[in-house]
Structure formats: structure tokens, C-alpha cells
Protein chains: 2
Amino acid sequence: MATIRDVAKLADVSVSTVSLALSNPGRVSQKTLEKIRSAVAAVGYVADPLAQSLARGRSKMIGLVVGNVGNPFFGDIRRELENYALEHEHFVLITDSSGKPEREQALVEHLIGLKIAGLALAPSSFGADYVKFVESIKVPMVCFDQKVAGIERDFVGSDNYLAGAMLTEHLLQLGHRRIAFIAGPQHMHTASERYRGFMETMASAGVEVNPNYVVDGQFTRSAGYEAAMRLLIQPERPTAILGANNAVALAALQAMQELGFNCPGDISLCMIDDVQWSNVITPRITMVVQDTLKLGGIIARRLLQRITSSDAAAEPAQDFVLSPKFVPGNSCRRV
Amino acid sequence: MATIRDVAKLADVSVSTVSLALSNPGRVSQKTLEKIRSAVAAVGYVADPLAQSLARGRSKMIGLVVGNVGNPFFGDIRRELENYALEHEHFVLITDSSGKPEREQALVEHLIGLKIAGLALAPSSFGADYVKFVESIKVPMVCFDQKVAGIERDFVGSDNYLAGAMLTEHLLQLGHRRIAFIAGPQHMHTASERYRGFMETMASAGVEVNPNYVVDGQFTRSAGYEAAMRLLIQPERPTAILGANNAVALAALQAMQELGFNCPGDISLCMIDDVQWSNVITPRITMVVQDTLKLGGIIARRLLQRITSSDAAAEPAQDFVLSPKFVPGNSCRRV
DNA sequence: GATGAAAATCGAACCGGTTCGATAGTCCGG
DNA sequence: CCGGACTATCGAACCGGTTCGATTTTCATC
């Protein structure tokens, strides 16, 4: 591998001039610039990014830390960030915390050790210690998906209250009153907001919520399955189930199918967030989806702003909250 | 951030002794080791991985390059690799080529610039130029999923011929003769092997394959959809469809649903490779799945062998081919 | 107590760049 | 023709470690 000194020797200039010419072509004379350019081409010089990062104290890499790269929700976000970063000569490193806060922390520290230029983080935890940890991150960053109280950082996400409210209203309009809700972990902002959207919409409609109809599905498939089962074995069954995310709703569908219930004949079902292949699932689930493409675009632009412009870097933290979209299916019937 | 010189000063030894003590504690005296250890603790020293990589010429990072991190097939592989790497103090960087060879190449070069210790690559292309590119990679590496002819590197994957043959045999045993095959891009090893498995099994059963029944689905949802439509509008329709991967098979299911065909009543369907949530898709598709967990384990172990042991690094390239597993559903009926 | 080998430690060079203050050269107005 | 202001280039220090040959220390042996 050719080094900058090889270039300098061949172009008969000093190493510092080569470095200067390459990073700021306007500040050297036309003649030397050409000499250097042809020398670069001759020896096939490519700067060592590691050495550059060490000397500069920062690299051209952007860290993306998510809880589950397999989740299609992150797919668009990742893609948008990658494309946008590429346009700005940056390079995205994806890491997966498997939703474990301690691993997330280790990953973030590793990335910072790599002197990343910026960080896009989907927080996996909450609480004072966690906030302290995130706030200790000095690198330009954008949080997304999960809004964590107390973190003074840019945040990009969806209006989860609205998401819960929209589906609740939809079920109410169809005449449902016995509506069950499979909730997520309440310490998560998305989960508690969706829950609040459900409860408040029910309340404003003057419909009382049967406490047995609110079960905890932890946003996971297995807990959602158990929660759904608890709903289905009640003597006075709900006529509709609202799943706070895709995993618990589909787990509920599975439970219904296994017990022999027909959806929407016996019980209606709707959910927040899409899954891959949702349109070959029978019935097509009525859902509210996030505009992941747009979310990804905002995350990407905001992060690169903060990275490339010192003005933007100094701006106070800002929240970007998008409205989710209603996608009708045929999993909810009028009663 | 404390540097190694701070430690050296505090412990009253030279920088080189500190470095030696930290990387090889056995080669310094007990007394100095303790002095250094307490100095490290006192200043909170953590070695800068970037500086280490630069000096050593290699880092503790492992690159994982795939075509689509969202594909659940990669999920288990990634997880296995991450866990195993973590046990050996390595750290996985995931990158996504979106299936584009030129981006894959750029990513690989970037990773090599980062002086990664090893590379797990799911090849996205083929042909002489591509082989030359991959062979030019000097870093310890393991290829997986797609076997590329001409590449002399460890390969981990499944027996795709068997996968195609198993499902074909299954359909034949159920009495089907008019069996259609939605193929993948024939230049891909997985696709051509699955196709071969289909054709040869049909041939050995003495069943002629109607050329109109073999269509190209490109392994993608959109092409698979079109291909399925072409099958379904034929006057003499097939009684069963075998999808060469999950995307084309589910696209076929969608097409069938849209046209009003019942599966398996009118047409049976089976596929190679699972998808998330396949058990809430109606009907449950009969399929052959890869043992992704095991694949991931082999990839991880093999790669770390080559990284950590110079003996293993010198071994010739080896193929690890696993048998896929039959998973019955209820999408195929006896005729 | 001298001798020699092994063990412990050190100094300097190096990895491959960046950056900044200093120096040399150029151009212009007075 | 001289002083001043730029412009172009350079040298050296630095980023934060590793590594290897050289030097010093230790210790057993004679």
C-alpha cells in the first residue's frame, strides 16, 4: 500500500503539502496540485482512513444502533440513512443490541472508540442511569423511535398517542364496545402513548374499559400470545382486540386461529405497525403504520446537518413527530 | 481521555513497559505489573482501539456484509456471529449492500481500510471480475449462502439441490403431475441448484415438465408476482406451484388470493425458506427451511478459527453444506 | 566476587496521516 | 527600490499506541 510519503517523494514536495493539497486543493498552486495528482495516480495512493481518524480525532463513519435489525421498521430507516450518508461521503456501521441495554452501551462505547462522526440511536432503555449514559455521549446524535424522558437530544418518531386513538376510534365507529387492548411495556414511551391513546379515546366516547380487557403483551410474540389467550378464555369475550404492536397482534391472530375463532367473524383485530408480507396474511389486518421512509429521511438529514455544520451542531435538541397512517384491512367487522 | 503516557508517568515506568504489561502481563515483574495496574485504574485508562489498530495493522472488528439485513435468514447468522465474536473479544460491524455488487465492493474496501480482523460475506454477484475481487481480499474470510464458482474460500451453506428435490418429491407423492416452478436468477448458485433439484426429481419420476410451467421469479416479490400470474392464466393450470424462495412463493399466494383461487383447494403451494410470521399465514405453507442457527454457528467458529489461529488460517478452503429440513404445512393437498 | 545467561525495562522508530507555526517566494503600491 | 501583505511550501510535533533491538538488572553458578 502506498503511503502519503511515497506520493510526496514522487511529486517532489513535502508530506504536509500533499496532505494539504488532498484535503484542500484550493490552497496549493495549480502546478503542484497537478504534480501531486499524477503522483497519487501513479502510485495508486488511497489515504488510510484509520490514520486519518487518529490524526483528526474523528472518522467518516456513522453508527446506527438498533434493537433488532431484522425488524422491517428499521429497514427503511437504515436504507435512508445509508443512502444519505453515502451522498455525504459517510459510511454507516450497523450494530444490533438485541434490545439489551448493557450490550447497547458496550456497542455505543465501541463506536465512540472508533471516533464515529455521528450516532443514530434507537434507545432500548430508560431511567436515570440510562439518561445519564446517553447524555454523556458527546458525538452528534439523533435518537429515534423511542422517546426517553429526560434525554436532551434530537428525537424523531411517530405520534403514538394518535396511533392508538385512531384504531380505537375506528373500532368504536364500527359499533364495538367490548374492546380489548394488548399493551406493551409501559416504561416504553411508544407503549404508554399508545395505551393512553386507547384509554382516552374510550373515555371520551363514554365507553368504560373492562379491566380484564387490558392485558400486557410486552411487545413480544410470546407474551402477546399468552395475553391473547387470557382474553380469549374469558366468558364474556371482547368483540375486538387492538394490538399495541405488530408482534402482539399477530400472536393474537395465531391464538384465535388455534382456538378456532374466526377473525373478523367472531372477533375483530387491528394493530399498530406493519409487518412484511402482511398482505398475504388472512384476514388482511387493519392497521396504523408509521411513515418509516420519511422518518429515515429526517433522521439522516438531521444527523448529517449536525455532523457537517457547526451551526446546526449548536442548535438545541428538537423533536420531529410524524403522524401515522391508517391502512384499512378486512379484519374488523361492524357489530 | 487518559493516554498510555499518563499511565507510564504515574507508574514511573516507560511507555513501552506499560504497553508490554497490558498486552502480555507475564513478561513483566509482579511489582511493576501491580504499579501499572493501579496507575491504569487511577487515571481510568482505556486503550484507544484506533491507535492500536493503526500500530498493529489489524483491529478487533469483524465485518459482516449481507444483501439485506432485514431478511430473517440473516438474523440468526448475525446473532450467532455476534455472540461468538463477543466471547472472543471481537466486535461485529454489519453492512448492507442492498444486493448491489458495486456497493458491496465499496463496503468491503471500506471495511478492509478499517483493518478488520475477518470478513463474513454473503456474495451478491458472480463471474470472473467478481471472483477476482473476492480473491483479492487478503483478510481471513468465510463466504456463506451463495456458493460462487471459482472462489477459493471457506463456504457455508445449505444443500439447495436437496431442498428443491425434497419439495418436488413431496408434491409427486401427493399425486401431483402438473407442477410449476417459479425459479430464481439462474446465475445464482442457490437458484440453479434448486432448479436442478426440481428438474432431476421430476425426470427420475418420469414426469415431463411442461415448459410453460417453469417461470422466472428472480427471487423477488414483484417478479414472482408476475411469474405467478403467468402461471395462473394458463388454460391448463398447474395443480401445484413450487416457489424457489419465500418471496416468489408468497407473491404467488397473493396472486392466487387476488384471482380468487383457493390454496390448497385449487392449487397447492410450497416454498424454500421460511419467513417471519409464516404460521399466521393461511394456509400454513409447506416448506423446506435452512438451519440458520447452525449455519451461523459454523460461520462464526470457522471465521474465528482463521482469525485467531495461524494454523487454521493456512488451511485450504473448505465447504460446509448442511441439509435443509422439511416443515409440513397445509398448503398442499393430495390429488 | 567475578561471570554469564536470563529476565526486566527502556528508547527509539514506526504505523500513516494532520496541523500549525515558520520560512521562502511573489506581487503590489508608494 | 523598499516595505508590507499575501501565497505557497515546508518541518516538526502530534494523534496514541506497538515493537524490536539495546541496555540494565537480577540471579544462579563457579
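Quick note on labels: first sequence line is chain A, next is B, and so on, each numbered from 1. None of these values were measured; they are calculated from a predicted model.
- Atom pair B:Ile4:CD1 and D:dT18:C1' shows a separation of 8 Å (rounding to whole Å applied).
- Checking the phosphate oxygens (OP1, OP2) of C:dG16, no side-chain nitrogen or oxygen of A:Tyr45 falls inside 4.0 Å.
- Residue A:Gln52 has a polar side-chain atom (N or O) positioned under 4.0 Å from OP1 or OP2 of C:dT18.
- Heavy atoms of A:Val46 sit under 4.0 angstrom from primed sugar atoms or phosphate atoms, though from no base atom.
- Atom NZ of B:Lys60 and atom C1' of D:dG17 are 15 Å apart (whole Å).
- Positionally, the nearest nucleotide of DNA chain C for B:Asp12 lies more toward the 5' end than for the other of A:Met1 and B:Asp12.
- Taking side-chain N and O atoms only, B:Thr32 has a distance below 4.0 Å to OP1 or OP2 of C:dT9.
- Of the listed nucleotides (C:dC10, C:dG16, D:dG16), C:dG16 has the atom at the smallest distance from the side chain of A:Ala51.
- Contact between the side-chain N/O atoms of A:Thr3 and the OP1/OP2 oxygens of C:dG16 is not found at any separation under 4.0 Å.
- Comparing C:dG17, D:dT18, D:dG16 by their nearest atom to the side chain of A:Leu54 picks out D:dG16.
- With hydrogens and angles left out, the side chain of A:Arg56 and the base of C:dG17 share no donor-acceptor pair within 3.5 Å.
- Between the B:Ser309 side chain and the B:Arg306 main chain, no donor and acceptor come within less than 3.5 Å of each other.
- When distances run from any side-chain atom of B:Leu20 to the nucleotides C:dT18, C:dT9, C:dG16, the shortest one goes to C:dT9.
- For A:Val13, taking side-chain heavy atoms from C-beta onward, the closest of the listed nucleotides D:dG17, C:dG17, D:dC10 is D:dC10.
- As a whole-Å value, the separation of B:Lys115 NZ from C:dG16 C1' is 8 Å.
- Side-chain N/O atoms of A:Ser19 include one lying less than 4.0 angstrom from OP1 or OP2 on C:dT18.
- Here D:dT9 presents its P atom at 8 Å from CD1 of A:Ile36, a figure rounded to the nearest Å.
- Listed nucleotides D:dC10, C:dC15, C:dT9 differ in distance to B:Ala55; the shortest reach to its side chain belongs to C:dC15.
- Residues forming a side chain to side chain donor-acceptor pair (under 3.5 Å) with A:Tyr45 (at least two apart in sequence, or on another chain): none.
- Spacing between atom CG of A:Leu50 and atom C1' of C:dC14 amounts to 15 Å, rounded to whole angstrom units.
- Rounding to whole angstrom units, CZ of residue B:Arg5 and C1' of D:dG17 are separated by 7 Å.
- The CG-C1' distance, from A:Asn24 to C:dG17, rounds to 16 Å in whole Å.
- We find that B:Asp96 and A:Arg79 are not joined by a salt bridge, their nearest charged nitrogen and carboxylate oxygen being 4.0 Å or further apart.
- Residue A:Thr17 has no polar side-chain atom (N or O) positioned under 4.0 Å from OP1 or OP2 of D:dT9.
- A perpendicular orientation is assigned to the rings of A:Phe74 and A:Phe144, their planes being inclined by more than 60° (bins at 30° and 60°).
- Across the protein-nucleic acid pair, A:Lys9 atom NZ and D:dC10 atom P stand 15 Å apart, rounded to whole Å.
- Residue A:Ser29 has its side chain nearest to D:dA8 when only C:dG17, D:dT18, D:dA8 are considered.
- Judged by atom type and distance alone, B:Ser16 reaches the base of C:dG11 through a side-chain donor-acceptor pair under 3.5 Å.
- Remark: B:Glu89 CD is loosely packed, at most 12 non-hydrogen atoms of other residues, nucleotides or ligands lying under 6.0 Å away.
- Here the side chain of A:Glu135 pairs a donor or acceptor atom with the backbone of A:Glu152 at under 3.5 angstrom.
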